[in-house]
Amino acid sequence: MKRFNLSDKPFDIAPSRDALLNAHAGAFASFEGWVRDHNDGRAVNGLRYEAYVALAEAEGERVLDEALEKFDIVDARCIHRIGDLAIGELAVWVGVSAAHRDAAFAASRYIIDEVKSRVPIWKHERYAEGEAGWLHPE
Amino acid sequence: MKRFNLSDKPFDIAPSRDALLNAHAGAFASFEGWVRDHNDGRAVNGLRYEAYVALAEAEGERVLDEALEKFDIVDARCIHRIGDLAIGELAVWVGVSAAHRDAAFAASRYIIDEVKSRVPIWKHERYAEGEAGWLHPE
Amino acid sequence: MARVTVLYFASLRDAAGVSIESVESDAADLGALYESLRVRHGFPLPIGRLRVAADGAFAQWSDRLREGSEVAFIPPVSGG
Amino acid sequence: MARVTVLYFASLRDAAGVSIESVESDAADLGALYESLRVRHGFPLPIGRLRVAADGAFAQWSDRLREGSEVAFIPPVSGG
């Protein structure tokens, strides 16, 4: 079963969240990344996420496997949008269920940090002043 | 506007989450506490939350005010159930929006920790083996 | 002497058998009030594990009883 | 000489003007392949800021070119 998924259109969180809830899991932590109207002080009109799909899916799955090994959690999922997104759209969602909240928080933080730093997905922002550019953080 | 609320029946997360999302907030972290089927190795059939309502509302609001002061967040909410809950019911929800995820994670963790340790809400568990008891952690 | 309303929650209510009672007391402060009620009701929790509130706000054990106020003893909470 | 398919993403694709090309190269390893393509396309990113993948899995710069494999240069990611 795949725990990491790319989505080329807006997705509903509910089915993935519901799949994580069960009678043994007392704690559920989630994180959502939204398209903001600004970045580094510049007004943003919208953005595009591009992925190297085959590698992104494999690497995303690896991140979730690592989270399940490192932390005492019940289950975890991550969905990342690709394609064109408008301001206020959901870009990425992470959900983690666990018996206790320490592990749920730690694992959700681990997953979003690793996904953002390792999974080959690139962000192209369109600025209100007309320019556009790829973000390749140092 | 009240950011902390007690609910004596099952509540829908969606309106509170939606109220926290806005064009300036790129990050949203949330935590949910669910009624598990066990606690400290004992099978649990269900539980009851009792609150000192006036003080719980005031102290819960204070926790959220503190979170807004301590962390660089946009907004935060917490809802806690009281009354009788069955296994698998949502007991508490925390949601935090922020420009960046560091603050969103830190504030949601702060809020759930403080609510659980300071807000006068008591948990009464009914065990499968027939006993029942109030939880007054050391 | 002061007359106060005392609220009991959770295990304290189970021990007292009531959730609210009116008490006339010459206790010097809220801590002494708890100790006298602990003797009367056989409360299992020592004062060190409780907090105290008066009129809907957390208070100090050394606070004096105010005529007509509402006092609550707060057992360790188990929220969430 | 080995013939490989090279994939370009994000700013590398913008610089190359194509997202995929077939390359015949005598480069000793994947690092040398990037350096030769960097000269040809004028890529702004130095090799130290990239990772490299071969056939859908991360690889080492010192890996040799395999005939018929698919090579991708991975600019710093900006997910989320």
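Sequence lines set the chain letters: A, B, ... in the order given, protein chains first and strands last, and positions in each chain run from 1. None of these values were measured; they are calculated from a predicted model. When reading the values below, keep in mind they use all heavy atoms of this one structure, side chains included, and skip hydrogens, waters and symmetry mates.
For chain A, no part of B/A14 is nearby; none of its heavy atoms comes within less than 4.5 Å. Looking at B/A29, both its backbone and its side chain come within 4.5 Å of chain A, counting heavy atoms on both sides.
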Short of 3.5 Å, which donor-acceptor contacts do chain B and chain A share? List atoms and distances.
| from | atom 1 | to | atom 2 | distance (Å) |
| --- | --- | --- | --- | --- |
| B/R17 | NE | A/E32 | OE1 | 3.3 |
| B/R17 | NE | A/E32 | OE2 | 2.9 |
| B/R17 | NH2 | A/E32 | OE1 | 2.9 |
| B/A23 | O | A/D37 | N | 2.9 |
| B/H24 | ND1 | A/D37 | OD1 | 3.4 |
| B/H24 | ND1 | A/D37 | OD2 | 3.1 |
| B/G26 | O | A/W34 | N | 2.8 |
| B/F28 | N | A/E32 | O | 2.9 |
| B/F28 | O | A/E32 | N | 2.7 |
| B/S30 | N | A/S30 | O | 2.9 |
| B/S30 | O | A/S30 | N | 2.9 |
| B/S30 | OG | A/S30 | OG | 2.7 |
| B/E32 | N | A/F28 | O | 2.7 |
| B/E32 | O | A/F28 | N | 2.9 |
| B/E32 | OE1 | A/R17 | NE | 3.3 |
| B/E32 | OE1 | A/R17 | NH2 | 3.0 |
| B/E32 | OE2 | A/R17 | NE | 2.9 |
| B/W34 | N | A/G26 | O | 2.7 |
| B/D37 | N | A/A23 | O | 2.9 |
| B/D37 | OD1 | A/H24 | ND1 | 3.4 |
| B/D37 | OD2 | A/H24 | ND1 | 3.1 |
| B/R101 | NE | A/D113 | OD1 | 2.8 |
| B/R101 | NH2 | A/D113 | OD1 | 2.8 |
| B/D102 | OD1 | A/R109 | NH1 | 2.9 |
| B/D102 | OD1 | A/R109 | NH2 | 2.5 |
| B/R109 | NH1 | A/D102 | OD1 | 2.9 |
| B/R109 | NH2 | A/D102 | OD1 | 2.5 |
| B/D113 | OD1 | A/R101 | NE | 2.8 |
| B/D113 | OD1 | A/R101 | NH2 | 2.8 |

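Counting heavy atoms from C-beta on, the side chains of A/F28 and B/L90 never come closer than 4.5 Å. Considering only heavy atoms from C-beta on, B/I87 comes within 4.5 Å of B/V44 through its side chain. Contact of the B/V63 side chain with the B/C78 side chain is not registered, since no non-hydrogen atoms from C-beta on lie closer than 4.5 Å. Contact check for B/L47 versus B/V35: side-chain heavy atoms found under the 4.5 Å cut-off. Using a 4.5 Å heavy-atom threshold, the side chains of A/I121 and A/L6 count as touching.
Between the CZ atom of A/F4 and the CG atom of A/L64 there is a distance of 7.5 Å, given to the nearest 0.5 Å.
Nearest heavy atom pair, residue B/A91 against residue B/L85, reads CA-CD2, 3.8 Å.
Between chain A and the options B/V96, B/V94, B/L21, heavy-atom pairs under 4.5 Å are most frequent for B/L21. For the set B/A27, B/G88, B/A104, the count of heavy-atom pairs under 4.5 angstrom toward chain A peaks at B/A27.
Shown here are the ring-ring contact (aromatic ring centres under 6.0 Å, His included) partners of B/F105, two or more places apart in sequence or in another chain: A/F31.
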